[in-house]
Student: 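The structure under discussion is supplied below as structure tokens; questions concerning it will follow.
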Amino acid sequence: MIARLLSHLMTTSETPADETEARAIQDELRRGVVLDEPGPPPGTGLVAGVDVAYDDERDLVAAAAVVLDAGTLEVVEERTAVGRVSFPYVPGLLAFRELPTVLAALDALTVTPGLVVCDGYGLAHPRGFGLACHLGVVTGLPSIGVAKNPFTFTYEEPGARRGDAAPLLAADGAVVGRALRTQGGIKPVYVSVGHRVSLDNACAHTLALSPRYRLPETTRRADSLCRRALREATRTG
DNA sequence: GCGACAG
DNA sequence: ATCTTGTCGC
């Protein structure tokens, strides 16, 4: 079953036909999420960052997967993949637009990361199952989501120092993630659990990956790489 | 009912 | 996400 669902996400030809089908697939994948594991300790092993860039004009999408040494934050491996845009941007269904190409880039890696950091949300999601959850369940890897915007969620402004945080709340008051200040005096990032990681650990990783800038080095590296890959793809083919 | 809404 | 110059600052 997971293989069939994975093929839905992996291949352009089996992309969900509409939003209703996408939600049905989302509900299937949700059954596979594991939330009772702490995840790998921060600062050790390999951490991957993934991101995607689009050229809607030419119907192109480029994804990047960058693996860093969690201790030194040095790049261990980089891979990219280019494909066709197979699903529109629909709030709540971002995974179906981004994951096919991201999975292709991850598949090209020769090393296996102990954690994948996504640009977007995990459990902080209208239906409780965002991009980072899909990626985690489909790959089996621990995953977290680090987003730049609070989406539809609310939070009390955390303290101004690096490391200060506040719960990210859904409309019903449920804690779905955390607004985490990765740099003093700068807008926080929004961290949520994807798969096989605790929220505390997700935040510890995010902080460890953001020694200098607001966003984690994984996200920054993947972002610049997929943009470069898109430029190359546009210029070449 | 209408708008807002990760990337 | 993307459209986009110069500019302020380390």
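Each chain gets a letter, A, B and so on, in the order the sequences are listed, and its residues count up from 1.
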Student: Let me spell it out: for each of A:Arg212 and A:Glu98, pick the nucleotide of DNA chain C with the closest heavy atom. Which residue's pick is nearer the 5' end?
Tutor: A:Glu98
Student: Apply side chain to side chain contact (heavy atoms under 4.5 Å, CB included) to residues A:Val117 and A:His205 and explain how you reach the verdict.
Tutor: CA-CA 9 Å; A:Val117 180; A:His205 271 104; 6.0 Å; no
Student: Would you call A:Arg220 and A:Asp223 a salt bridge, using N to O less than 4.0 angstrom?
Tutor: no
Student: Using a 6.0 Å cut-off, check whether atom CZ of A:Arg221 has over 12 heavy atoms from anything other than its own residue.
Tutor: no
Student: Test A:Leu199 against A:Asn201 for side chain to side chain contact (heavy atoms under 4.5 Å, CB included), laying out the working first.
Tutor: CA-CA 5 Å; A:Leu199 181 56; A:Asn201 201 18; over 6 Å; no
Student: Kindly work out whether a path of hydrophobic side-chain contacts (I/L/V/M/F/W/Y, heavy atoms less than 4.5 Å apart) joins A:Leu94 to A:Leu103.
Tutor: yes
Student: Check the pair A:Glu98 / A:Tyr89 against side chain to side chain donor-acceptor pair (under 3.5 Å), numbers first and verdict last.
Tutor: CA-CA 9 Å; A:Glu98 304 223 330; A:Tyr89 170 65; over 6 Å; no
Student: What's the separation between atom SG in A:Cys133 and atom NE2 in A:His125, rounded to the nearest 0.5 Å?
Tutor: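 Interatomic distance, A:Cys133 SG to A:His125 NE2, rounded to 0.5 Å: 8.0 Å.
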Student: Apply the side-chain hydrogen bond (donor to acceptor under 3.5 Å, both in side chains) test between A:His134 and each candidate in A:His195, A:Gln26, A:Arg30; give the one that qualifies.
Tutor: A:Gln26
Student: Can you tell me which stems DNA chain B forms, taking runs of 3 or more consecutive Watson-Crick or G-U pairs with both distances under 3.5 Å?
Tutor: none
Student: A cation-pi test, strictly: NZ or CZ of A:Arg23 under 6.0 Å from the centre of the six-membered ring of A:Phe129 and no more than 45 degrees from its axis. Yes or no?
Tutor: no
Student: Is there a side chain to side chain contact (heavy atoms under 4.5 Å, CB included) between A:Thr234 and A:Leu60 once you walk through the steps?
Tutor: CA-CA 8 Å; A:Thr234 301; A:Leu60 283 178; 4.2 Å; yes
Student: Going 5' to 3' on DNA chain B, which nucleotide is the first and which the last to come under 4.0 Å of a heavy atom in chain A?
Tutor: B:dC5 to B:dG7
Student: Taking only heavy atoms on the protein side, list every residue of residues 145-171 of chain A lying under 4.0 Å from any atom of DNA chain B, sorted numerically.
Tutor: A:Ala147, A:Lys148, A:Asn149, A:Phe151, A:Thr152
Student: Identify the residue among A:Val176, A:Val33, A:Leu35, A:Ile144 that makes a side-chain contact (heavy atoms from CB on, under 4.5 Å) with A:Val193.
Tutor: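 When A:Val176, A:Val33, A:Leu35, A:Ile144 are each tested with A:Val193, the side-chain contact (heavy atoms from CB on, under 4.5 Å) holds only for A:Leu35.
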Student: Only one of A:Thr101, A:Val82, A:Leu230 passes side-chain contact (heavy atoms from CB on, under 4.5 Å) with A:Val61; say which it is.
Tutor: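 Answer after filtering A:Thr101, A:Val82, A:Leu230: A:Thr101.
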Student: Evaluate the ring planes of A:Phe151 and A:Tyr121, with Trp represented by its six-membered ring, and classify them as parallel (under 30°), tilted (30 to 60°) or perpendicular (over 60°).
Tutor: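 It falls in the parallel class, under 30°.
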Student: Taking any atom under 4.0 angstrom from a heavy atom of chain A, which nucleotides of DNA chain C are the first and last to qualify, 5' to 3'?
Tutor: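 First and last nucleotides in contact are C:dA1 to C:dT2.
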Student: State which residues pass ring-ring contact (aromatic ring centres under 6.0 Å, His included) with A:Tyr155; sequence neighbours excluded, sorted by chain then number.
Tutor: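 Result, ring-ring contact (aromatic ring centres under 6.0 Å, His included) vs A:Tyr155: A:Tyr190.
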Student: Between A:Lys148 and A:Asp119, does any side-chain N to carboxylate O distance fall below 4.0 Å?
Tutor: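 So A:Lys148 pairs with A:Asp119 through a salt bridge.
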Student: Could you list by number each residue of residues 46-57 of chain A showing a heavy-atom separation from DNA chain C of less than 4.0 Å, or answer none if no residue does?
Tutor: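 Listed by number, they are A:Ala53, A:Tyr54.
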